[in-house]
Each structure stands twice: as structure tokens, then as C-alpha cells.
Number of protein chains: 2
Amino acid sequence: MSSPPSRPVALRDVAAEAGVHPSTASRALNPAMRYLVADPVAERVQEVAARLGYRPNAVALSLRTGRTRLIGALVPGIANPVFAPILAGAAEALSSVGYALMVADPGDDPGRAAEFVEQLAARSVDGLLLATASLHDDPALAACRARQIPAVLVNRGSEGIPSVVADDRGGMGLAAEHLLGLGHRRIGHVAGPAQLSTGLLRAEGFERALRAHGVEAEPSLRVVTAAYTREEGDRAAAVLIARNPDMTALACANDLLALGAYDACRRAGLRIPEEISVTGHNDMPMVDLIEPPLTTVRIPHGEMGAQAARLLLGLIGHGEEAGAVVLPSALVVRGSTAVPRSDGR
Amino acid sequence: MSSPPSRPVALRDVAAEAGVHPSTASRALNPAMRYLVADPVAERVQEVAARLGYRPNAVALSLRTGRTRLIGALVPGIANPVFAPILAGAAEALSSVGYALMVADPGDDPGRAAEFVEQLAARSVDGLLLATASLHDDPALAACRARQIPAVLVNRGSEGIPSVVADDRGGMGLAAEHLLGLGHRRIGHVAGPAQLSTGLLRAEGFERALRAHGVEAEPSLRVVTAAYTREEGDRAAAVLIARNPDMTALACANDLLALGAYDACRRAGLRIPEEISVTGHNDMPMVDLIEPPLTTVRIPHGEMGAQAARLLLGLIGHGEEAGAVVLPSALVVRGSTAVPRSDGR
DNA sequence: AACGTCGTTGCAATCGATTGTAAGGAGTTC
DNA sequence: GAACTCCTTACAATCGATTGCAACGACGTT
């Protein structure tokens, strides 16, 4: 009539109540083994289980089967508006098939990322979603290989590991062509970190578009940043402005860098877009509200997360090998770009 | 000489290699039980464990001890710029003491939230961080009580459950007083959903400040929204603008609502702040960059997450009961507020 | 009537760690 | 030298589920 501590109902409770052995109850409740038990018995067990509110203990199940239905995710900043929607997309795709997502945020520290991989491995995650990967010798990737944990990269790519990324080269090409089409010829590039695939590929896409239009890419028109931050964008843009008085546009590898470029332009007294055009990349939330609204490249954040999750599940389930998935980007023209002034600047 | 599948090294492997029983190895490796084994033996076991790269299997440990060192978090939108930094703060505080965070995103659906609580319970999380709570009869909270899972609310409060929230009443009061101080008297309020503590308390803070200044709160100057979205803010602000031609300011319960109000004002041809002042709440990232920069109330997102995590750990560890923690908010004055035009509007 | 088959169910081992209890041996005391 | 500690280690049960194997009874066949 009373049971204050009340241990949660276990399989053995269901079995006892139904008058069968736990193993029989297990089979009656497992659709795949259901055929091994007689119909009336199975129905009785299921009825009892429902009545008692039985929920299988996921921990015990994991110990026995070796699978946790847990996926670990490593992101450089949960609050980063680029990665948050990726996580949301992945979480949605995973939870719909009974998987849960554990997030760990090592920031930009590769060593910390590797440590987190070890911790997640100790928790026996079934797979890993990595948004932190750098292009070469990533310790987190090495840890995955060492522990043989299926892993998929999102947003950033690396060699020999399945990944889901946006078309960084093509996307940046769209931005560059947009500027070229407006008539810009002296275009500065605020490049992303060279150890990240996004930084490298977007720089490539930028230069390729320029060459296709017969414009030579000058070293003086490029500054490589150390991180995707507003401060770095400010610093890099300031250098470019000081170095190239005839520059009429700035193509930035990422929206945060573009915001920093806004700061630098404002400080230099350059009006956007009248005196200098600026483009970003990623179309993160709210860049349509800043003044002027940022012309940028939209990448399918949520879809990237979802596809990466599905790719990972395929890897785990059927061991199906997969290469790199590249999702298309789209140019979003807003108010930060315009035709250059005829007098240069 | 070879072992392709290579089962990860377990305690029994360490014990065998060190020539002792697994139980002895367990005690040698556990600082709390360390005193039960002779020094030379303990050292040998530790040396072997290190050499073999032994990592205790967290799943087995959880099954035996009943604790998983896992905390579940329920948020209405991972990508929401209000909740992302809360999660980041919590994740940081938790990972520093060996806990990991599982996030689930039920959106605004209370039924889905309850279902997620059940799933997290089946995974034996040690506690729950809830950012989704509504004021009354929240099914997710009921599920927590039923399964006796320690839970702490963040950002939003509810009765009888420990919580960490911002000073919603006081914060909204700051915004109202700022507007009153500028000379505004006809101030509209775009209120948040009434079933959320934030919606209710901010409305209270708003009206209390008005009354303290001898201004009567008129029903026609308030519209209650159904959700914290830009669209709802647009809709509500449009209603207020149409209904009150003499209104000179809009105090919004949240930044997203304020952004919607921007849209409505723009459509109505009202310049901000010259013809109408607008305030928000939360100071989410980038509202300093929109045009005009939004005057808003800053709440300590990350600190809220961190404190909630610590509160929860206290609850789990020492069963120490805790009430509601209220963190101070601060007014951030930017460009969306100004003195009202003398001709009313 | 004896035997083989098949459908059901129970038994017991297993996953990897923790922990209460017993047993072993060394040292001390009377 | 017998008895009594105490220190150290081993044994075995336990957490909750899954699953290979054995056993059992009912039935059909010859």
C-alpha cells in the first residue's frame, strides 16, 4: 500500500506480475524476438508492462548490447550562431530515431577537443559529430581513429573522414562574382584561418572567380585571420584599408569577420556601400537587420546537421562508407554591396 | 602479436596483468578506497592501468552505482540566442566536474517536453535542467516529480521548483523607468506569453514602474503575444500602433518581439527613435548592430546556466533544498530610445 | 507404442564495474 | 605456543537486460 523509495519497475517485476521468466518477458517485449513466445503470453506481458509503466533501463541495455544510442557532438562554441542551428538539425534528426545528443564545447582548443573525445568514448557513445576539425593532424580525429569511433565532420572538412559541408568554394565564388558583376576590380579578401577547410576553400573560391574574370589576385589584397571573430575581422579589414587606398570592396570569409569589417570601415570613415562594398558568408541570424543589411552567402545550417546525423547513423548501422557531402550555397543580396564610385573611392 | 577487433581494456585486464583480483584493482584505482590496499600493490596496479591506457567503462559504472554523471537539458530551441549561452554556461560548469550535458529540444510543445523527460529518465540522467517550464501544470515538471528526478529551472520559473532566473520584474522596471525618464507617458507594452513566468513578471514590472510614476496602465496599451517571435512582435506592435495614435514608446518583453516591433514601425512609417522609442529585453547577441541599436535589458545568460548547473549538482549531491535564485539585470541604453517629440508624435 | 519434430519456456552466462564479507597470513600478547 | 588482533586480498553477489542452449510437453508419423 506504500513504497516511498519505490525502485523503478524493472523487467523482473513485469515478469513476476505476468507469471513468466524475465527472459520470456524480454522476448515478448522485443518486436524482433516476439515470434518466439506464444500469443496469449506475449499479450499478457505487454499488458502488464503497460499497466506498470515499465521502461527498459537504458544503462543496463547498453552494457549488455554495447550500444548506447548516444551521439557525441563537438562544437567550437554552442552559442555560435553558425553551430547552434547545425546542432538543432542534428538533434532533431537523431531524436526521431531514438538517439540522443551529448554536446561538448571545447572552444577552439584542439587538445581539449581530443580530451572530450576520450571522455565521450569512455561513455561509449555510438558515434561522433565533429564541427571542430582542423585540416591537418587534428588530435580529436586521431583519438576517434585510435578508439575506432565512427565520426562525421560537419561544416568543416578534413581528409579521409566522411563530412557534410557547404560548397565553400562555390559559395565564395558567388559573392566574388556578385562584386565583379557590380564592377568592382580592387577587391580585398578577409580570409579565414588557413588550418580550417572553410578558410582555405573560400579563399580558393574567391581567387578562382577573380581569375575567371581576368583579375589577378594580389597578395596585398588578402589578409588571413587567426580566428572567425569580429575582432579579427576588424583588424584584418583595417590592414587592408590602410594598405590599399584604391580598394572598393571587401569579401569576408564569414559574417562575424564582416561585422568586424563594418567596424573598421566606420572607423576609417568609409560609408557602406557607397564607398566600400562588404560581403559576408553564412547568413547567420540577424545580419539582415544590421545597418546596412549584409549581403552574404546562405548555407543550409540545419540541413547540414541533419544530413551529418543521418550519415553517421548509416555508418554506425550498416558500416556503409561515405565520402564528402557538399550542400549548395546561395547568394543573398542585401544592402552592403553597390556599384563602385566611378572615381575609384 | 595481433588483435584486430581489440576489445577495449577492462578492469579485469589490468588486474590480470598486475596479478591481482579485479576487486583489488578497483580499490587501488579508486582514491576513496585506496587505503585498503598495500602501497606496492596499489602502485603496481596504477602503473599497469596507465601503461594499458585503462579507462573505466562509464556504462558499467552507472549500472552498478545508479549514477550516470549525465544531466539532461530541455530547451525550447537550441538555436535561440537566449538559450544557447545558457546551455554554454551550464555545459562549462558541468564538464569541469566530470558531468556531461545531453540536450533535447522539444520546441514549445509541452507534451513533447514531457516525453523527452521520460526518455532522459530511462537513460538515468542524474538531474534535469529545464528552460521550457510554463507557469502552471507543466507536464514535464509533473514527469520529473513522478520519476523523482532532481530538476532546476533556468530562465523561466514555476512554483515549488528551484530555479535560477533573471530579475524580470526589476529588469523590465528599468526599461520602463528609462522611458518615463525621457518623458514618455503613453507607452505600449508588447507582453510575453502569459503562461510563462517571464511574460507575467515583466508585465508586472512594467506596470509597477508606471504606477510608481503616477501613470495608469491602460488595457488598450497592452497586447499579449502567443510566443516570443519576431512575427508575434510585429503583429502585436501593429495592433498597438493602430489602436493608439498618441503612443510614443513601445516596451517589448523580449528582443525578438522588439525586432518584430521594428518591422511594424517601419511599415507604419514611424522612425525609431525620432517618432517612437522601442526597448527590448535580454540583450541577445547582435542587437547592438541593428539600426538603430536596440536599447534593452541585459540578463546574465551564461551565469544563469552556470548557477543553475551548480544548484542542480548541490541538489543531487547533498540533497540540499534550494529556492529561487534571482540574478540582477542591467539596462543597456542604445539608439532606439529618445525623448518624445513635443507634438505627441 | 516408440520416436522425431516443433513450438514454447526456463536456465544461466554475460556485459564491466563496485562492495560487503570471508579468509588468509603476519605480528603481538599472555 | 596458543589465541587474538589487524592488515591485506580474494570471493561472490549485484545492477538490469539479452541471448545461446537445454528442457519440456504436445503432436504427428510409422
Side-chain angles (χ1 to χ4, degrees), chain A residues 5-46 48-49 52-70 98 121-124 126 147, chain B residues 5-46 48-49 52-70 98 121-124 126 147:
Chain A
S6 80
R7 182 174 54 70
V9 10
L11 186 59
R12 93 174 74 92
D13 303 319
V14 175
E17 180 79 11
V20 297
H21 192 272
S23 65
T24 303
S26 170
R27 289 186 255 256
L29 261 20
N30 182 343
M33 295 293 145
R34 167 71 180 73
Y35 73 99
L36 284 171
V37 14
D39 285 350
V41 177
E43 281 162 25
R44 181 154 40 91
V45 170
Q46 288 169 349
V48 170
L52 265 48
Y54 168 70
R55 288 247 174 184
N57 181 318
V59 175
L61 195 156
S62 295
L63 180 59
R64 176 63 222 242
T65 63
R67 340 199 76 192
T68 51
R69 294 187 152 256
L70 271 177
R123 293 202 129 91
S124 308
D126 289 346
R147 303 233 171 240
Chain B
S6 81
R7 181 174 53 71
V9 11
L11 184 59
R12 94 174 73 91
D13 303 320
V14 176
E17 180 78 10
V20 296
H21 193 270
S23 66
T24 303
S26 171
R27 290 187 252 257
L29 261 19
N30 182 342
M33 296 293 144
R34 165 73 179 73
Y35 72 100
L36 284 171
V37 16
D39 284 351
V41 177
E43 280 161 25
R44 182 155 39 93
V45 170
Q46 289 169 348
V48 170
L52 265 47
Y54 168 71
R55 289 246 173 183
N57 180 319
V59 175
L61 195 157
S62 295
L63 180 59
R64 178 63 224 248
T65 62
R67 340 199 77 194
T68 51
R69 295 188 150 256
L70 271 177
R123 290 201 132 90
S124 308
D126 288 347
R147 304 233 171 239

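What you see below is based on every heavy atom in this structure, not just the backbone, and it leaves out hydrogens, waters and symmetry mates. Labels below follow one simple rule: chain letters A, B, ... track the order of the sequence lines, proteins then strands, and each chain is numbered from 1.
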To the nearest Å, give me how far apart [atom1] ([X]) and [atom2] ([N]) are.
X	N	atom1	atom2	value
B/Asn57	D/dG16	CG	P	17 Å
A/Arg123	C/dA17	CZ	C1'	15 Å
B/Leu11	C/dT19	CG	P	12 Å
B/Arg67	C/dG16	CZ	P	24 Å
A/Leu36	C/dC11	CG	C1'	16 Å
B/Arg12	D/dA10	CZ	P	17 Å
B/Asn30	C/dG16	CG	C1'	15 Å
A/His21	D/dA22	NE2	C1'	13 Å

Between B/Thr68 (side chain) and B/Ser124 (backbone), is there a donor-acceptor pair under 3.5 Å?
yes

Return yes if some donor-acceptor pair links the side-chain N/O of A/Ser62 with the main-chain N/O of A/Ala58 below 3.5 Å, else return no.
yes

So, OP1 or OP2 of C/dA17: does either fall under 4.0 Å of a side-chain N or O from B/Tyr54?
yes

On DNA chain C, does the nearest nucleotide to B/Met33 precede the nearest nucleotide to A/Thr24 from the 5' side, or the other way round? Give the residue.
A/Thr24

Counting C-beta onward and ignoring hydrogens, is there a side-chain heavy-atom pair between B/Arg7 and B/Asp13 closer than 4.5 Å?
yes

Which is true for A/Val59 with a 4.0 Å heavy-atom rule: it touches a base, it touches only sugar-phosphate, or it touches nothing?
nothing

Is B/Arg27 touching bases, backbone alone, or none of the nucleic acid, heavy atoms closer than 4.0 Å?
base

Just verifying a value: how many Å separate A/Met33 CE and A/Thr24 OG1, rounded to the nearest 0.5 Å?
13.5 Å

By nearest-heavy-atom nucleotide on DNA chain D, the more 5' of B/Leu63 and B/Gly19 is B/Gly19

Starting the side chain at C-beta, find the nucleotide from D/dG16, D/dT9, C/dA17 nearest to B/Ala10.
C/dA17

Among C/dC11, C/dA17, D/dA17, which nucleotide has an atom closest to any side-chain atom of A/Ser23?
C/dC11

Check B/Ala18 against B/Val45 and note the closest heavy-atom contact, atom names and distance.
CB-CG2, 4.1 Å

